[in-house]
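Everything below concerns the one structure shown next.
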Number of protein chains: 2
Amino acid sequence: LKEIKAVIVGFGNIGKAFLRVLMEKSSFLENKLEKKVKIIAICEADGSLVNEAGISLKEALSRDIKRLNYWKENKNAVSLIQELDLDILFEFTPGNIESGEPGYTHIREALSNGINVITSNKAPLALKFSELMNLAKRNGVKLKYEATVGGAIPIINLRDTYLFGEEIIELYGILNGTTNYILSKMTSELLSLDSALKEAQELGIAEANASYDIDGIDTAAKVAILANSLLGKGVSIKDINICGIRDITLEAIELAKKHGYVIKLIGDCKKLEVAPKLIPKWSPLNVSGTLNAITLETDIAKKITLVGYGAGPRETCSAILADLIDVLRDL
Amino acid sequence: LKEIKAVIVGFGNIGKAFLRVLMEKSSFLENKLEKKVKIIAICEADGSLVNEAGISLKEALSRDIKRLNYWKENKNAVSLIQELDLDILFEFTPGNIESGEPGYTHIREALSNGINVITSNKAPLALKFSELMNLAKRNGVKLKYEATVGGAIPIINLRDTYLFGEEIIELYGILNGTTNYILSKMTSELLSLDSALKEAQELGIAEANASYDIDGIDTAAKVAILANSLLGKGVSIKDINICGIRDITLEAIELAKKHGYVIKLIGDCKKLEVAPKLIPKWSPLNVSGTLNAITLETDIAKKITLVGYGAGPRETCSAILADLIDVLRDL
């Protein structure tokens with residue numbers, strides 16, 4: 001049984017859900033891969049929980065970690081990355097889409113120090129994809145980011161496995177669950193955008209400041225990541241033309257409906273564009289609620305569409321677990 | 001550049017489409033995997049084309065192979081498997097669902113002789129899954145069969161990659177394109193089953209004897225394979241309860257439609273059952289035409305639905321190519 005030392009940076013909903021998944025799957029990982037993942041630090045913005053003998057996951061989940069022994073006020077992730085002997089950094093902080101921080105610095109520091117990185121943080125990858133991937137390569141470690149796009153939908157890792165031999169010709173889809181929920185409600189219940197948004201906010205599907213979703217910025221970040229990862233485009237979010245759903249009227253929705261179409265916010269990784277599009281009712285992309293859907297067109301498989309939950313802490317952990325297993329296999 | 005020696009058994013639509021894909025992808029495989037796949041025999045029921053120096057793929061595709069030099073009348077696959085020094089057997093014969101032959105014998109012989117097998121032939125696997133997988137394991141080779149279910153949809157290989165860490169709780173879907181085409185036509189154009197079937201036959205989507213599709217046997221074979229492969233069930237097609245679509249009336253279709261449902265032939269790998277089911281219109285499983293769709297429910301990802309073309313020689317080669325790459329990586 002080989003011991004793998006890991007740090008979690010960012011202990012919000014995803015970090016907590018991941019600790020739960022890790023508890024559930026630890027004996028599976030030990031049996032199947034002969035690896036024991038030991039979390040030796042959990043870092044927040046104002047300090048870190050550090051225990052080189054291994055943090056009790058149960059304890060970290062049941063209490064405010066700032067009240068535990070081993071909580072070190074003002075100890076930050078960057079200094080721990082430099083001090084500790086680590087195999088994996090889990091980067092789960094919320095990213096600023098202008099600067100990519102603080103995740104950008106965490107990921108860069110980890111990769112430079114020969115530490116594998118698994119992240120759910122879109123911003124650093126949407127801004128600095130090539131730089132970070134090259135840094136990983138130069139240091140002989142992996143940077144894994146399946147969780148940044150499409151939640152539980154297996155899309156990034158498909159490139160290196162199932163689709164390794166195929167040329168991807170088109171790649172587009174519904175990459176944001178909040179806007180899809182709003183558009184679905186407008187279509188099925190003929191609610192106005194404002195009413196549908198309010199409902200989404202009450203249900204916790206949309207944030208108070210919904211601009212990041214509604215104005216297409218979240219979708220654009222995912223388009224940039226997919227375009228780099230699956231199409232080798234070498235772009236950043238700044239190269240994406242973005243039009244959100246703010247101006248979609250109920251009249252437009254009804255007119256589309258009358259002609260057998262629905263309006264969906266589509267991210268197109270080939271055209272580097274985010275915009276509301278008319279999708280035929282019968283299309284596999286016509287999924288409702290908070291679902292995401294991604295269509296690939298390749299030279300051999302032709303069209304494949306993958307549908308799943310694009311958000312939700314536990315669903316996102318499906319992608320993180322897949323990345324973890326991939327990293328563990330090489331350690 | 002390592003030379004990999006392979007034989008193709010069964011040279012119908014899939015065998016020919018695969019040779020074309022192999023021609024298109026050979027330099028890719030040489031560059032990325034440093035392997036050169038050399039086809040040294042192509043076997044048909046009444047003889048084989050054999051050339052240990054390597055068959056010209058171009059020649060084999062442009063002319064009737066029985067008119068080429070190296071065609072050996074009455075030379076059969078089994079004797080070649082025993083005589084030649086082989087790395088991979090491609091088994092593309094049509095399988096008899098009662099006996100699994102002739103594929104069963106070809107696959108068993110190859111595995112027993114330490115040869116990796118890649119197949120699109122459902123019958124042997126739907127009948128003798130555990131026996132053949134154990135035989136592969138005992139002989140230290142791989143038996144790969146992604147092409148047997150869902151054509152271009154990546155489902156079998158997902159188990160060992162993306163979903164390795166997850167528990168699959170439910171697994172069901174539309175696994176036969178012909179019946180889905182017929183049901184879709186009945187729904188959208190209010191055609192009777194007979195008229196829709198006739199149209200499918202004229203378009204080459206259904207065979208003259210459509211029983212294998214219409215009566216749910218093809219779906220049941222796929223259910224058996226998925227239940228074994230993804231749920232570890234240890235079953236054969238004989239354990240599947242089968243009800244086809246022959247008795248679906250236009251009245252039933254219309255009644256379902258009025259209540260927001262469509263009727264689809266669903267294979268359920270947990271219940272080991274094939275039967276027409278009511279599917280809500282908004283479900284990701286509601287795909288039309290010849291599309292297939294498979295829904296997985298897991299403990300972490302929750303629901304994922306994969307949609308793609310379940311048939312078509314070139315689309316099926318997407319699965320065969322993925323299996324080939326997996327085998328080549330280990331050779």
Side-chain angles (χ1 to χ4, degrees), chain A residues 17 20-21 24-25 28-29 32-33 146 150-158 160-167 184 188 281-289 291 293 295-296 298-309 312 314-326 328-329, chain B residues 17 20-21 24-25 28-29 32-33 146 150-158 160-167 184 188 281-289 291 293 295-296 298-309 312 314-326 328-329:
Chain A
R20 262 174 227 117
V21 168
E24 289 167 37
K25 299 291 177 183
F28 174 86
L29 297 175
K32 295 281 179 175
L33 303 177
E146 180 72 63
I153 301 175
I155 178 75
I156 307 286
N157 289 326
L158 219 55
D160 296 324
T161 55
Y162 193 85
L163 294 174
F164 183 76
E166 306 217 17
E167 197 188 321
S184 301
S188 65
K281 255 187 204 164
W282 47 260
S283 164
L285 269 190
N286 178 16
V287 298
S288 52
L291 283 172
T295 296
L296 294 142
T298 78
D299 58 342
I300 305 182
K302 300 188 187 154
K303 274 195 192 187
I304 299 175
T305 300
L306 309 167
V307 181
Y309 291 105
R314 190 167 170 89
E315 292 87 330
T316 302
C317 285
S318 168
I320 296 165
L321 180 63
D323 281 349
L324 172 60
I325 288 167
D326 186 68
L328 289 179
R329 279 180 165 152
Chain B
R20 259 173 230 119
V21 167
E24 288 168 37
K25 298 291 178 182
F28 174 85
L29 298 175
K32 295 281 179 174
L33 304 176
E146 179 73 63
I153 301 176
I155 178 75
I156 308 287
N157 289 327
L158 219 55
D160 297 323
T161 54
Y162 193 84
L163 294 174
F164 184 76
E166 306 217 17
E167 197 188 320
S184 300
S188 65
K281 254 188 206 163
W282 47 261
S283 164
L285 268 190
N286 178 16
V287 297
S288 51
L291 283 171
T295 296
L296 295 142
T298 78
D299 59 341
I300 305 182
K302 301 188 186 155
K303 275 196 192 186
I304 299 175
T305 300
L306 309 168
V307 180
Y309 290 106
R314 190 169 171 87
E315 292 87 331
T316 302
C317 286
S318 167
I320 297 165
L321 179 64
D323 281 348
L324 172 60
I325 288 167
D326 186 67
L328 290 179
R329 279 179 165 152

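So that the names make sense, note that chain A is the first sequence line, chain B the second, and so on, each numbered from 1. Everything quoted here is computed from the prediction, not taken from an experiment.
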Between chain B and each of [options], count heavy-atom pairs under 4.5 Å; write down the option with the most.
options                        : answer
A:T316, A:V307, A:L296         : A:V307
A:A301, A:S283, A:G312, A:G151 : A:A301
A:E167, A:E146, A:K32, A:E24   : A:E146

Where does [X] contact chain A at under 4.5 Å (heavy atoms): side chain, backbone, both or neither?
X      : result
B:F164 : both
B:L285 : neither
B:D299 : both
B:L306 : both
B:L33  : side chain
B:K281 : neither

* How far does CG of A:D326 sit from OG1 of B:T161, to the nearest 0.5 angstrom? -> 9.5 Å
* Quick one: pull up CD1 in B:I304 and CG in A:L291 and give me the separation to the nearest 0.5 Å. => 11.0 Å
* Taking B:Y162 for the side chain and A:A152 for the main chain, is one N or O donor matched with an acceptor at less than 3.5 Å? -> yes
* Asked: B:K25 side chain to A:G165 main-chain N or O, any donor-acceptor pair under 3.5 Å?
  -> yes
* Structure fact -> All heavy atoms of B:I300 vs all of A:C317, minimum pair found to be CG2-C, 4.0 Å
Go through the atoms of [X] and report whether side chain, backbone, both or neither lie under 4.5 Å from a heavy atom of chain B.
X      : value
A:I153 : backbone
A:L163 : neither
A:A17  : neither

* Asked: Among B:S184, B:G308, B:A322, which has the most heavy-atom pairs under 4.5 Å with chain A?
  -> B:A322
* To do: Report yes if the side chains of B:N286 and A:N286 come closer than 4.5 Å at any heavy-atom pair, otherwise no.
  => no
